[in-house]
Each structure stands twice: as C-alpha cells, then as structure tokens.
Amino acid sequence: MSIYTLRHFQVPGRAEPCKAILEYSGVKWTLETPQWPQEKLNQPIGKLPVLVETNKDGTRFVLSDSLAIEQYLVCKYNLCVPEQDRQLVARQMELRNQLNDIFQLTQLIVNVTEPTTRTNFIQRYMTLAKDVVTYQEKWLKENGSTGHYFGNKTTYVDLALLGTMCAIRATLKNMPEMLEPFNKKNAPMMNNVMITMEKDAKLAEYMDTCEC
C-alpha cells in the first residue's frame, strides 16, 4: 500500500479537503510543513499543497494543486460518483468548484488591506455564498435529504464540504457575520452533511485537529 506525505502550512487552508479525504480513506499519511520560503523552490511550482506518494517499490509520485490532489485521491479510493454517468460527474465537479470559489474569496478578504477593494470582495463573497447555499440546498433536497450529496453514502463532495468549511471557519473566525449564510437556519441540509461527516468514526482524528 502507498504511503503519503502531504506538504502544507500548519494553518487550515486549501489542503483541508485533502486531509479529510486521506483520513477517510484509511491510508497511512503524514503532514509535512516545509520551511517557508526557504523550501519554496523545492516544490513543483513553488506553492503548496503538494502530495508525495511513495509506492511499495520505493518509487514516488509527486502532485501539486489542491483540486488535482483531491481528484486523484477520490478516484483512487472509490469516493467518486460512477464515472460512466458523465452528467453526475459534471454535477460533482460543479458542486465542488462552487465551494472552492467561496474559499478563494475568503483568502482575498483577509489578505487585502485597501478598504474599498476589501469591501468589494466582502460583497462578492456574501452574494456568492448565498447563491451557492441556495443552489446546494436545492440539490441536497433533490437527493432526498440523506446527509450526503449523492445517494446515501460518503463521496467526494461530502468530504470537500467538511474540509472547506473547516478552512472557511478558521479563516473568518474573527468575522462571524460572514459565516451566517452557512448557519443551520440558512443551510440546514448542508449542516446535516457536516453532522454526518463529523459523526463518522473514520474522520474522528481529523475532527480532533480541524477547527470546524
């Protein structure tokens, strides 16, 4: 069986879904925090996260980009929707990418200091968050309100929601009003998915370390 090393910073960020997927898959993995920026040039394109897979024969597979890492892992460990259903595959990526778009805006909000630009990012975030919640709540209802995005078992987007929300909550912990679109009143079915994930024994160790 392969052994994995996930390189990322200690703070919760874009690698959280990768961590949740690795933990749920039951594989052997460790988190490595490179010295930064000293080790920046040692990464494939000078950014994190990076996944290093060491195979049984000692060969290594190195992959960068958080979404690429996620997709590689969920396909390898059968956490995707059936690949022969191309419409369902497209829906899976649509839902995942919506969550990622929201996370990306949180990074702009906390890293931009110019007041007008920051206000614009906040407005964009609030509009997008409300639109995504409305869309995903509708999808979850169509799926039967099962506590999962697809059918009644854990798949990619369930784990992506858990990891992304952990990252968003950590990023916006000093701006609680920004989390209102995702509260139980506004997003009851998304919260139901979160509860399902949080109660899953396979994710117990991850839940002990994240900031959900």
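Keep in mind it's a predicted model, so treat the numbers as computed, not measured.
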Determine the minimum heavy-atom distance between Ala15 and Pro49, stating which atoms define it. CB-CB, 4.0 Å

Please report the interatomic distance NZ(Lys173) to CE(Met178), rounded to the nearest 0.5 Å. 15.5 Å

What one should report as the nearest heavy-atom pair of Ile45 and Ser64 is CG1-OG, 4.1 Å

Over all atoms of both residues, closest heavy-atom pair of Tyr156 and Glu70: OH-OE1, 2.7 Å

Taking the side chain as every heavy atom from C-beta outward, state whether Val133 and Lys130 have any pair of such atoms under 4.5 Å apart. no

For Phe103, is there any backbone N or O sitting under 3.5 Å from a side-chain donor or acceptor partner on Thr106? yes

Same cluster or not: Val11 versus Ile168, using hydrophobic residues (I, L, V, M, F, W, Y) connected whenever any side-chain heavy atoms lie under 4.5 Å apart? no

Side chain proximity check, Arg14 to Gln104, heavy atoms < 4.5 angstrom: yes

Keeping the roles fixed (side chain from Glu114, backbone from Thr117), state whether a donor-acceptor pair exists under 3.5 Å. yes

Using 30° and 60° as the class boundaries, would you call the ring planes of Tyr72 and Phe61 parallel, tilted or perpendicular? tilted

Is there a side-chain contact between Val50 and Val62, using heavy atoms and a 4.5 Å cut-off? yes

Within a strict 4.5 Å, meaning less than it, do heavy atoms of the Leu203 and Glu198 side chains meet? no

Worked check of side-chain contact (heavy atoms from CB on, under 4.5 Å) between Met197 and Tyr206: CA-CA 10 Å; Met197 295 298 96; Tyr206 175 74; over 6 Å; no

Okay, side chain of Asn186, backbone of Phe182: is any donor-acceptor separation there less than 3.5 Å? no

Residues Cys80 and Gln92: closest non-hydrogen pair is CA-OE1, 3.5 Å

Does Arg118 form a side-chain contact (heavy atoms from CB on, under 4.5 Å) with Thr113? I'd like the steps, not just the answer. CA-CA 6 Å; Arg118 192 166 187 265; Thr113 56; over 6 Å; no

Is there side-chain contact between Ile109 and Met175, with at least one heavy-atom pair below 4.5 Å? yes

Please check if Val112 and Tyr125 belong to a single hydrophobic cluster, counting links between Ile, Leu, Val, Met, Phe, Trp and Tyr side chain heavy atoms closer than 4.5 Å. yes

Nearest non-hydrogen partners of Gly13 and Pro17, listed with the distance: O-CD, 4.4 Å

Would you say the side-chain atoms of Asn143 pair up with the backbone N or O of Gly151, donor to acceptor, closer than 3.5 Å? yes

What is the distance from atom NE2 of His8 to atom CG of Leu31, rounded to the nearest 0.5 Å? 9.0 Å

Is the backbone N or O of Tyr149 less than 3.5 Å from a side-chain atom of Asp158, with the two atoms forming a donor-acceptor pair by type? yes

Close side-chain approach of Arg91 and Val157, heavy atoms under 4.5 Å: no

Hydrophobic cluster membership, with links at side-chain heavy-atom distances under 4.5 Å among I/L/V/M/F/W/Y: are Leu99 and Val110 in one? yes

With no hydrogens and no angle check, is any side-chain donor or acceptor of Asn55 less than 3.5 Å from a backbone partner on Asp57? no

Any link between Leu48 and Leu6 through a network of hydrophobic side chains (Ile, Leu, Val, Met, Phe, Trp, Tyr) touching at under 4.5 Å? no

Do Tyr135 and Met165 sit in the same hydrophobic cluster, where Ile, Leu, Val, Met, Phe, Trp and Tyr count as joined when their side-chain heavy atoms come under 4.5 Å apart? yes

Considering residues at least two apart in sequence or located in another chain, which fulfil the salt bridge (Lys or Arg N to Asp or Glu O under 4.0 Å) criterion with Glu137? none

Verdict with reasoning, Ser2 to Val27, per side-chain contact (heavy atoms from CB on, under 4.5 Å): CA-CA 8 Å; Ser2 298; Val27 299; over 6 Å; no

Keeping to residues at least two apart or across chains, list the side chain to side chain donor-acceptor pair (under 3.5 Å) pairs with something in residues 77-87. Tyr4-Tyr77

Is Phe150 close to Leu95 at the side-chain level, that is, under 4.5 Å between some pair of heavy atoms? yes

Pairs in or reaching into residues 17-40: which pass salt bridge (Lys or Arg N to Asp or Glu O under 4.0 Å), with residues at least two apart or in two chains? Arg7-Glu32, Glu16-Lys19

Flag side-chain contact, heavy atom, 4.5 Å: Leu22 against Leu73: yes

Is a side-chain donor or acceptor of Thr164 paired with a backbone partner of Leu161 at a separation under 3.5 angstrom? no

Please check if the side chain of Arg60 supplies one atom and the backbone of Glu53 the other of a donor-acceptor pair under 3.5 Å. no

Closest non-hydrogen atoms of Leu162 and Ala20, given as atom of the first, atom of the second and distance, are CD2-CB, 4.4 Å

